[in-house]
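What follows is a single structure, written as structure tokens, with notes after it.
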Amino acid sequence: MGDTDPPYNRMYERLTDGDDTDLTGLVAYALYKQNKRAWITDRLERNSLYPSPQQVDEHVQSYTDMQISMFRDRARETLFQFADRLLEQNTESIKQEARGEAIVQEVKRQGGFWRTVGVNAMAGAVIGLAVVVIYVLAYSNPNIRDFFERHSPTTQVVQ
């Protein structure tokens, strides 16, 4: 972009450094455009006439490096506020996704869903078998059966 370009083209370059992916610069350019529009509207209300293209160009050329920096600072602050609101609004769903992902990773680490189900089913079967064995042993031996009957909560008298 050269010096013969219209001031609005140079303003875009100044705010974005010519980088179309510079989000801060793009927001700064939008803020500049709002400011320029407000200036034009103010001139229209005061004079009942739109400013001439030459007056608009002069206005645009009057922006200093400090004003450009202020547009970028406001743009950066706007983006931070947006990010904070977005994070605030989505914190719970982000936490839930993270928890879900942690559970999935733990199941994968343990060898997968069906392996985990199999291990738990096997553990349940072993415990069930142990209870049956204890029950059979306890009631096949009269001494053990008498012990359990004496200490059973249903046979004790409440005083």
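- Met70 and Tyr63 fall into different hydrophobic clusters, defined by Ile, Leu, Val, Met, Phe, Trp and Tyr side-chain heavy atoms under 4.5 Å apart, directly or through other members.
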*asked:* Is there a side chain to side chain contact (heavy atoms under 4.5 Å, CB included) between His59 and Arg43? Walk through the geometry before answering.
replied: CA-CA 11 Å; His59 171 73; Arg43 295 289 297 245; over 6 Å; no
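- The backbone N or O of Leu49 lies less than 3.5 Å from no partner atom in the side chain of Asn47, so there is not a single donor-acceptor pair.
- Neither side chain, Tyr29 nor Asp22, offers a donor N or O lying under 3.5 Å from an acceptor on the other.
- If you chain together hydrophobic residues whose side chains sit under 4.5 Å apart, Tyr12 and Val56 fall into the same group.
- In this view, Glu77 and Gln81 satisfy the side-chain hydrogen bond (donor to acceptor under 3.5 Å, both in side chains) rule, not counting sequence neighbours.
- For the atom pair CG of Asp20 and CG of Leu26, the computed distance is 6.5 Å after rounding to the nearest 0.5 Å.
- The CG atom of Leu87 sits 12.0 Å away from the CZ atom of Arg85 when rounded to the nearest 0.5 Å.
- Once rounded to the nearest 0.5 Å, the distance linking CZ of Arg37 with CG of Leu44 reads 10.5 Å.
- Contact record, Ala75 with Ala28: CB-N, 3.4 Å, taken as the closest heavy-atom pair.
- The closest donor-acceptor contact from the side chain of Gln67 to the backbone of Thr64 lies under 3.5 Å.
- Atom CZ of residue Arg74 and atom CG of residue Leu31 lie 5.0 Å apart, to the nearest 0.5 angstrom.
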*Between Arg14 and Asp65, does a side chain to side chain contact (heavy atoms under 4.5 Å, CB included) hold up when you go through it step by step?*
CA-CA 9 Å; Arg14 289 175 74 186; Asp65 288 339; 2.9 Å; yes
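- When the side chain to side chain contact (heavy atoms under 4.5 Å, CB included) test is applied to Asp73, the partners found at least two apart in sequence or on another chain are Ser69, Arg76.
- Hydrophobic clustering (ILVMFWY, side-chain heavy atoms < 4.5 Å, transitive): Leu23 and Phe82 are in distinct clusters.
- Annotation: Glu92, atom CD; neighbour count of heavy atoms from other residues, nucleotides and ligands within 6.0 Å is above 12.
- Separation of atoms CD (Gln34) and CZ (Phe71) is listed at 9.5 Å; rounding is to 0.5 Å.
- Under the 4.5 Å side-chain criterion, counting only non-hydrogen atoms from C-beta, Gln61 is in contact with Arg10.
- No option in Val27, Ile68, Val60 other than Val60 meets the side-chain contact (heavy atoms from CB on, under 4.5 Å) test with Tyr32.
- Between Lys33 atom NZ and Ile40 atom CD1 the span is 8.0 Å, to the nearest 0.5 Å.
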